[in-house]
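In what follows, a single structure is set out as structure tokens and then discussed.
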Protein chains: 2
Amino acid sequence: MKIGDLAARTGVAPRLLRYYEQVGILHPVRSSNGYRAYGEPAVERVLQIRELLDVGLTTDMIREVLPCLGVEPQPRECPPAKDLDGLRGQLVNIEKRIDVLQRNHQAIKKFLNAWEGADTTA
Amino acid sequence: MKIGDLAARTGVAPRLLRYYEQVGILHPVRSSNGYRAYGEPAVERVLQIRELLDVGLTTDMIREVLPCLGVEPQPRECPPAKDLDGLRGQLVNIEKRIDVLQRNHQAIKKFLNAWEGADTTA
DNA sequence: GCAAACCTTGCCATTAATGTGAGGGTTAAG
DNA sequence: CTTAACCCTCACATTAATGGCAAGGTTTGC
């Protein structure tokens with residue numbers, strides 16, 4: 001499909017789809033006329049990218065973890081072992097993020113409960 | 001303490017401490033000479049800010065949640081009820097982030113395990 | 001075959017977080 | 001007192017992610 005179609009199906013502007021290609025996290029092929037051609041899996045891939053970006057990952061991190069997330073790409077390919085280490089790094093990075101978020105989520109919740117369980121009558 | 005001291009104790013550049021003040025998440029008082037004066041609690045507060053920024057929160061979000069995180073500020077103050085709603089919003093926002101991260105963490109781990117449990121002899 | 005709609009590649013703008021330097025006071029050490 | 005080290009404000013630069021526009025080729029519908 002062409003870039004406009006993918007944009008329509010993902011809600012992501014063509015401008016960004018081109019950007020994602022530029023930073024190496026999306027790899028459309030080119031038709032004879034130079035148009036980018038995306039396969040069906042691109043839809044899921046783009047949504048995956050958005051999700052990770054929205055959650056605060058950078059395109060650099062996404063480039064590392066994406067190859068092992070979609071069912072589409074090459075889950076059985078051979079990353080030259082260096083990527084395996086990068087991947088492990090991302091894993092602990094993500095663990096740290098989860099930890100921080102959980103800790104703060106906890107604190108906010110506690111604060112909020114103390115409020116609601118105390119006095120709302122003003 | 002002065003900005004340089006706080007910078008030294010937190011590892012955060014003075015430039016950024018000024019920036020955090022500018023965006024309203026850090027509130028030093030001013031000495032008679034115009035110098036920013038930070039209290040002891042500022043240290044923890046700055047570290048808290050860094051943690052949240054590193055995890056992908058924006059200063060806008062931090063401004064909302066910070067008042068109920070530190071032990072120092074005003075955990076018993078009265079947010080005009082509008083902030084309470086904002087806080088609840090941030091709470092679900094954080095929950096969503098945690099969810100996405102956990103889901104992807106899971107996937108990466110699975111991928112990594114399939115690798116290690118399969119073949120490392122190449 | 002023409003016009004509208006879509007594609008391409010630049011390039012310039014913006015926002016958030018951050019870096020950096022200039023120009024000018026202040027403080028602290030000798 | 002002088003000088004180095006700090007502080008102030010202002011302003012411009014940078015990086016990442018994003019938005020927008022322009023000039024030009026392509027496709028599609030009529």
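Chain A is the first sequence line, chain B the second, and so forth, proteins listed ahead of strands; every chain is numbered from 1.
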When you check every protein heavy atom under 4.0 Å of nucleotides 24-30 of chain D, what one-letter string (B, S, -) results, 5' to 3'?
-BBS---
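The distance from atom CG of A:L52 to atom CG of A:L47, rounded to the nearest 0.5 Å, is 11.0 Å.
Judged by distance alone, with hydrogens and angles left aside, the side-chain atoms of A:D99 form no donor-acceptor pair with the main-chain N or O of A:E95 at under 3.5 Å. Without hydrogens or angle criteria, A:N104 side chain to A:V100 main chain gives a donor-acceptor distance under 3.5 Å. A:R45 contributes no side-chain N or O that, together with a main-chain N or O of A:L26, makes up a donor-acceptor pair within less than 3.5 Å.
Between B:M61 atom CE and C:dT15 atom C1' there is a gap of 17 Å when expressed in whole angstrom units. The distance from atom CD1 of B:I49 to atom C1' of C:dA16 is 15 Å, rounded to the nearest whole Å. Rounded to whole angstrom, the span from the CD atom of B:E21 across to the C1' atom of D:dT9 amounts to 12 Å. Rounded to whole angstrom, the span from the CG atom of B:D5 across to the P atom of C:dT27 amounts to 14 Å. Atom-to-atom, CD of A:Q22 to C1' of D:dA17 comes out at 11 Å; the value is rounded to the nearest Å. As rounded to whole Å, 14 Å separates atom C1' of C:dA17 from atom CG of B:L57.
Between C:dA17 and B:T59, a contact under 4.0 Å exists linking OP1 or OP2 to a side-chain N or O. OP1 or OP2 of D:dC7 has not a single side-chain nitrogen or oxygen of B:R36 nearer than 4.0 Å.
A salt bridge (charged side-chain N to carboxylate O under 4.0 Å, His left out) with B:E21 is found for exactly one of B:R15, B:R36, B:R63, namely B:R36.
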Might you work through the side chain to side chain contact (heavy atoms under 4.5 Å, CB included) test for A:L112 and B:L87, ending with a clear yes or no?
CA-CA 8 Å; A:L112 223 36; B:L87 212 51; 3.8 Å; yes
Could you walk me through whether A:V92 and A:R88 satisfy the side chain to side chain contact (heavy atoms under 4.5 Å, CB included) test, starting with their C-alpha distance in whole Å, then the side-chain angles of each, then the deciding distance to 0.1 Å, before giving a yes or no?
CA-CA 7 Å; A:V92 317; A:R88 271 184 273 267; 5.8 Å; no
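At least one side-chain heavy atom of B:K2 sits under 4.5 Å from a side-chain heavy atom of B:D5. Using a 4.5 Å cut-off on side-chain heavy atoms (C-beta onward), A:Y38 and A:V46 make no contact.
The shortest heavy-atom contact between A:L101 and B:L101 is CD1-CD1, 3.7 Å.
Residues A:Y35 and A:Y19 do not share a hydrophobic cluster, defined by chaining ILVMFWY side chains whose heavy atoms lie under 4.5 Å apart.
Two residues, B:R50 and A:Y38, neighbour DNA chain C, and the one matched to the more 5' nucleotide by heavy-atom proximity is A:Y38.
Contacts with DNA chain D (heavy atom under 4.0 Å) in residues 95-105 of chain A: none are found. Near DNA chain D, defined here as any heavy-atom distance below 4.0 Å, the residues from residues 7-20 of chain A are A:R15, A:L16, A:Y19, A:Y20, listed numerically.
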